[in-house]
Amino acid sequence: MPSLADLIHPVSPDRFRNEIEGRVPLHIPAEGAAAEARRGLLDWDTFNGLLNQSSIWTHSTLKLVHSGQPLDPETYCSEVQSMSGPVFRPSPARVQVMAAMGATIVANDVGALTPALRDICATLRHAWAASVAANIYCSFKGVQGFGPHYDTHDVFAVQTEGEKVWRLYRNREPDPVDYPGEGEEVRRYLASACGPLMQEVRMRPGDVLYVPRGWYHDALAVDGPSLHVTLSITPLYGRILFRLLESAAMQDPAFRAWLPPASREGGKPLSDQLTDLGQRLARLAASPAFAQEIAMTQERLMGRGADYRLPERPALTTYAPTGLLPPAVRGPAAVAMEWAMAQPRFALEDMIAQFDFVPETDMRAAIEAGVRAGALKPVQ
């Protein structure tokens, strides 16, 4: 699996974390074996092979954009008959006609479609404890797909075929989490808000461009067809606390008590109760248990993929509780162990599959500790 160091070579991960990440864009020109590996992320034959799997594409996953405007799906999609009935799918012939007219082809959510894309997405998911999406952009000389805009996530753009000029503007939206929408009015706003041009970057095969979220940019293929992959990184941010805190706080009766009228005794009872609830929330947010909840949510966000290996049938390792108490388990594995001890019998492999937000090594260690303590026994 490629590492973060491979993706940003010759820049070191330490320098990237301390000087670049979240601060400024960074262009990494192609250099040596690492650049060849980056270029190998996608080529024209692989891209055409993906597009030729026409049954996997919909108007949501395969989009066309021309001069900053998304094309109506009816201009490049057709109704086709499938075993499940009629479906609306991109037409290869019509997509290619639109491409000949200069439309940019955008293939979304491709991170699981090739081994190379799966590997680099897995690397970035673990490096940032984030969800990672991979999109492919195929564009043609002299026609701009998107005008000036910003993204609500950090982006690594990897140029794999042809060349493309990226323009980076001086302005930046501060840590955006929502986009202003679509339409001509939004495009005019973005074009006026991006500020003056700061830098032009000519991307060649094997080059990488890092763009922090909120940074205004656009791109244009200048000398022929261009193919690049964007890797979008979206970790958790502070908003997640509201959802998780609500669930945790409702276990405390104080958060289920009625609030007194604001008019009573000049509002003092209400003020006192709100102060108490705020202090309880602060203690809850600072507790190790809440940090554990955040850790499990990050694991859910990353996911734990598993490749199919048919026709191999994996052997199942089955256990049953004996009625004795198992050793105390710390961290997210405690949730999985609580489930295991409530089953009459269970397969370890099923436990690992169900609790994909708990590190597998921790679950295996908890089961082994339970067997040593006599709380679990293997079942043939």
Side-chain angles (χ1 to χ4, degrees), residues 4 13-14 16-23 124-132 152-154 172-178 212-214 232-262 264-265 267-304 325-342 351-352 354-367 369-370:
L4 176 61
D14 283 346
F16 180 81
R17 295 287 196 193
N18 295 329
E19 301 177 18
I20 306 298
E21 182 183 356
R23 298 173 177 86
L124 297 180
R125 276 196 296 269
H126 287 89
W128 270 271
S131 65
V132 175
T152 57
H153 41 252
D154 283 7
R172 181 184 185 185
E173 296 292 327
D175 295 331
V177 294
D178 296 306
R213 68 168 166 163
S232 305
I233 303 169
T234 311
L236 296 177
Y237 59 97
R239 182 184 286 176
I240 192 67
L241 268 67
F242 295 103
R243 178 168 65 84
L244 296 181
L245 278 172
E246 179 181 9
S247 177
M250 290 308 293
Q251 307 305 311
D252 183 345
F255 288 94
R256 303 197 298 269
W258 301 127
L259 296 176
R264 183 179 297 168
E265 299 178 28
K268 187 176 185 308
L270 176 61
S271 177
D272 290 345
Q273 189 169 345
L274 293 176
T275 298
D276 175 64
L277 293 178
Q279 292 170 347
R280 289 171 183 266
L281 281 177
R283 290 193 295 271
L284 182 58
S287 69
F290 192 71
Q292 175 180 311
E293 188 69 27
I294 293 290
M296 288 192 292
T297 305
Q298 289 178 330
E299 290 287 341
R300 289 188 182 99
L301 189 63
M302 290 186 287
R304 184 170 61 234
L325 288 176
V329 176
R330 296 179 181 273
V335 178
M337 196 63 176
E338 181 180 355
W339 171 86
M341 298 305 296
M351 176 178 167
I352 292 170
Q354 286 197 52
F355 294 90
D356 59 354
F357 54 90
V358 178
E360 180 178 340
T361 54
D362 293 355
M363 285 188 281
R364 290 186 179 276
I367 293 297

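All figures in this text were calculated on a predicted structure; none of them were measured in a lab. The analysis underlying the following values was restricted to heavy atoms, covering all of them including side chains, and did not include hydrogens, waters or symmetry mates.
Between M351 and M337, the closest heavy-atom pair is CE-N, 4.1 Å. Scanning both residues, M363 and F355, for their nearest heavy atoms gives CE-O, 3.5 Å. When all heavy atoms of P260 and P269 are compared, the pair lying nearest together is CG-C, 3.8 Å. Nearest heavy atom pair, residue L284 against residue A248, reads CD2-CB, 3.7 Å. When all heavy atoms of M296 and F357 are compared, the closest pair comes out as O-CB, 3.6 Å. Closest non-hydrogen pair, R23 versus R172, comes out as O-NH1, 3.5 Å.
Within 6.0 Å of CD in E19 there are more than 12 heavy atoms belonging to other residues, nucleotides or ligands. Residue Y237 qualifies as enclosed at atom OH: its count of foreign heavy atoms under 6.0 Å is above 12. Environment of CD in E246: sparse, with no more than 12 heavy atoms of neighbouring residues, nucleotides or ligands closer than 6.0 Å. For CG of L325, the number of neighbouring non-hydrogen atoms (other residues, nucleotides, ligands) closer than 6.0 Å is 12 at most.
The distance from the CG atom of L236 to the CD atom of Q298 is 5.5 Å, given to the nearest 0.5 Å. We find the CG-CZ distance between D14 and R17 to be 9.5 Å, quoted to the nearest 0.5 Å. To the nearest 0.5 Å, atom CG of residue D272 and atom CG of residue L277 are 11.0 Å apart. A distance of 12.5 Å separates CG in L245 from CE in M250, rounded to the nearest 0.5 Å. Taking CD1 of I294 as the start and CD of Q292 as the end, the distance is 11.5 Å to the nearest 0.5 Å.
With sequence neighbours excluded, the residues satisfying side chain to side chain contact (heavy atoms under 4.5 Å, CB included) with A334 are V329. Judged as a side chain to side chain contact (heavy atoms under 4.5 Å, CB included), and not counting sequence neighbours, the contacts of R213 are D154, D175, P176, V177. Not counting sequence neighbours, the partners of D178 by the salt bridge (charged side-chain N to carboxylate O under 4.0 Å, His left out) test are R239. By the side-chain hydrogen bond (donor to acceptor under 3.5 Å, both in side chains) test, R264 pairs with no residue at all, sequence neighbours left out. For E360, the side-chain hydrogen bond (donor to acceptor under 3.5 Å, both in side chains) partners are R364, not counting sequence neighbours.
For residues 281-301, the set of pairs meeting the salt bridge (charged side-chain N to carboxylate O under 4.0 Å, His left out) definition, not counting sequence neighbours, is empty.
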